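All ligand and atom numbering here is 1-based and tracks the order in the structure. A quick note: this is a predicted structure, and the numbers were derived from the prediction, not measured.
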Amino acid sequence: MTILPVIPISPDQPDTLQSGSGTTRRRPSMPPRHLADLDLAGRKSAMADLGEPAFRAKQISTHYFGRLVRDAAAMTDLPAATRERLTADLLPTLLHPLREQACDDGATRKTLWRLHDGALVESVLMGYPDRVTACVSSQAGCGMACPFCATGQQGLTRNLSIAEIVDQVVYLAGVAASGAVTGSPPRLSRVVFMGMGEPLANYPRVIEAVRRLTSPAPEGLGLSQRHITVSTVGLVPAMRRLIAEQLSVTLALSLHAPDDDLRDELVPVNQRWKVAEVLDAAFDYAAQTGRRVSIEYALIRDVNDQPWRADLLGRLLSGKLAHVNLIPLNPTPGSKWDASPKPVEREFVRRLREAGVSTTVRDTRGQEIDGACGQLAAGELTDASAGGAAADAEVAQ
Ligand code: SAH
């Protein structure tokens, strides 16, 4: 059913599996411990274990979260021996860049990463006149199997660690700070968990990553919780757990259909938690945080874009603390589906607004570099797009 990420073979990596077809990939496994996995107290005790003075915890945290320095070798105010110990024990390289692509005149950049076990994930940086947003992955692949989503076609490889998530953001914050995103402020201010994976299926690590991103420096990156968006297919128990966390992150719910018949197909997890139940959980989240939930709806031609579905969605959301974000479908390679024609899209918007529901159409950033919503599918690398890295596709499931 799926094409799994293709892994460049490197002779110095012993931890490999030999498949029947002769291609090689490494066994999915969590990465070594990293500074960003730990809170400040954890870093202090890690320093004690390394025989370093406790103040080092704050010192390296200031480097990493305050100055966005990710490499111990560049922390030149530390003794050389300390830098070496840190590289080995607290600042291993988690994300190896395979390829960077830019489009939209440099305002959108996608980075493809190879993780320590060869899994591939992507992050996207999007610059706007008033803000810079990082779109990050929470899992390698995804187990939710939404048929219109490129990542959904891959299946799940593994959860990302807290630090693998946080390090994507710290890297992208560094790119923004370097002034590389022309026409945008240099400070990264928003993070959306809309890259690869289902964030709420990697719940504890995503929540800890959010804590790291929002704790004030030097413990964390000091972003505002309200500027972090967690997007979910609608895992109701996890949404309920999120309500209990008392965080004020923005919740996005990928609804895509207002009726169970169609949603069962477009978002298969709907077979377990139905539209009414998932919306209830979303509205409860909105009530608890006082923040509108964002209802994500990819408009697919002749599939979910009928006027009656707009009206039904309008009835479900009217009077609720919700905002609809319509996403023109980005067709994935080989997909039978296409985006809705503009007049159909406009009518859909009109009907929702008529029902009193605030509605916008998402701008489709990054399409030329397959960096747009649902296009992050590292598994579809070809020789050319991998920049020469070995890229034998392997059918694994
Ligand atoms: N698993 C999370 C995050 C996934 S990506 C979730 O489903 O919410 C973020 C958004 O992009 C989701 O709303 C997802 O449904 C949407 N998306 C996925 N593939 C898409 C595609 N091909 N075109 C448009 N939107 C897509």
Selection from Glu198, Gln153, Arg362, His256 by shortest heavy-atom distance to atom 15 (O) of ligand 1:
His256
Which bit of Ile327 is near ligand 1, meaning a heavy atom under 4.0 Å away: side chain, backbone, both or neither?
side chain
Set of ring pair (Phe, Tyr, Trp, His ring centres under 6.0 Å) partners for Trp113, sequence neighbours left out
Tyr171
With sequence neighbours left out, write down each residue that passes ring pair (Phe, Tyr, Trp, His ring centres under 6.0 Å) with His63, or none if nothing qualifies.
none
Decide if atom CZ of Arg350 counts as having more than 12 heavy atoms of other residues, nucleotides or ligands within a radius under 6.0 Å.
yes
Would you mind running through ligand 1 and noting each atom that sits below 4.0 Å from a heavy atom of Glu296?
13 (O)
Any Gly197 heavy atom less than 4.0 Å to ligand 1:
yes
Answer with side chain, backbone, both or neither: which part of Leu253 has a heavy atom less than 4.0 angstrom from an atom of ligand 1?
neither
Donor on one side chain, acceptor on other, Ser161 and His34, under 3.5 Å:
no
Classify the contact between Met194 and ligand 1 as side chain, backbone, both or neither, using a heavy-atom distance cut-off of under 4.0 Å.
both
Can you find an N or O of Cys142 that's nearer than 3.5 Å to an N or O of ligand 1?
no
Give the contacting part of Met144 toward ligand 1: side chain, backbone, both or neither, where contact means a heavy-atom distance below 4.0 Å.
neither
Below 4.0 Å from ligand 1: does a non-hydrogen atom of Met196 turn up there or not?
no
Specify whether Phe148 and Trp337 have parallel, tilted or perpendicular ring planes, treating 30° as the upper limit for parallel and 60° as the lower limit for perpendicular.
tilted
Does CZ belonging to Arg272 count more than 12 external heavy atoms closer than 6.0 Å?
no
Please indicate whether any nitrogen or oxygen in Asn330 is less than 3.5 Å from any nitrogen or oxygen in ligand 1.
yes
Of the listed options (Cys149, Gly195, Ser254), which comes nearest to atom 4 (C) of ligand 1 when hydrogens are ignored and any heavy atom counts?
Gly195
Regarding Arg291 and Thr250, is there a side-chain donor-to-acceptor distance under 3.5 Å anywhere?
yes
Among Asp264, Asp259, Asp261, Asn270, which residue meets the side-chain contact (heavy atoms from CB on, under 4.5 Å) test with Val275?
Asn270
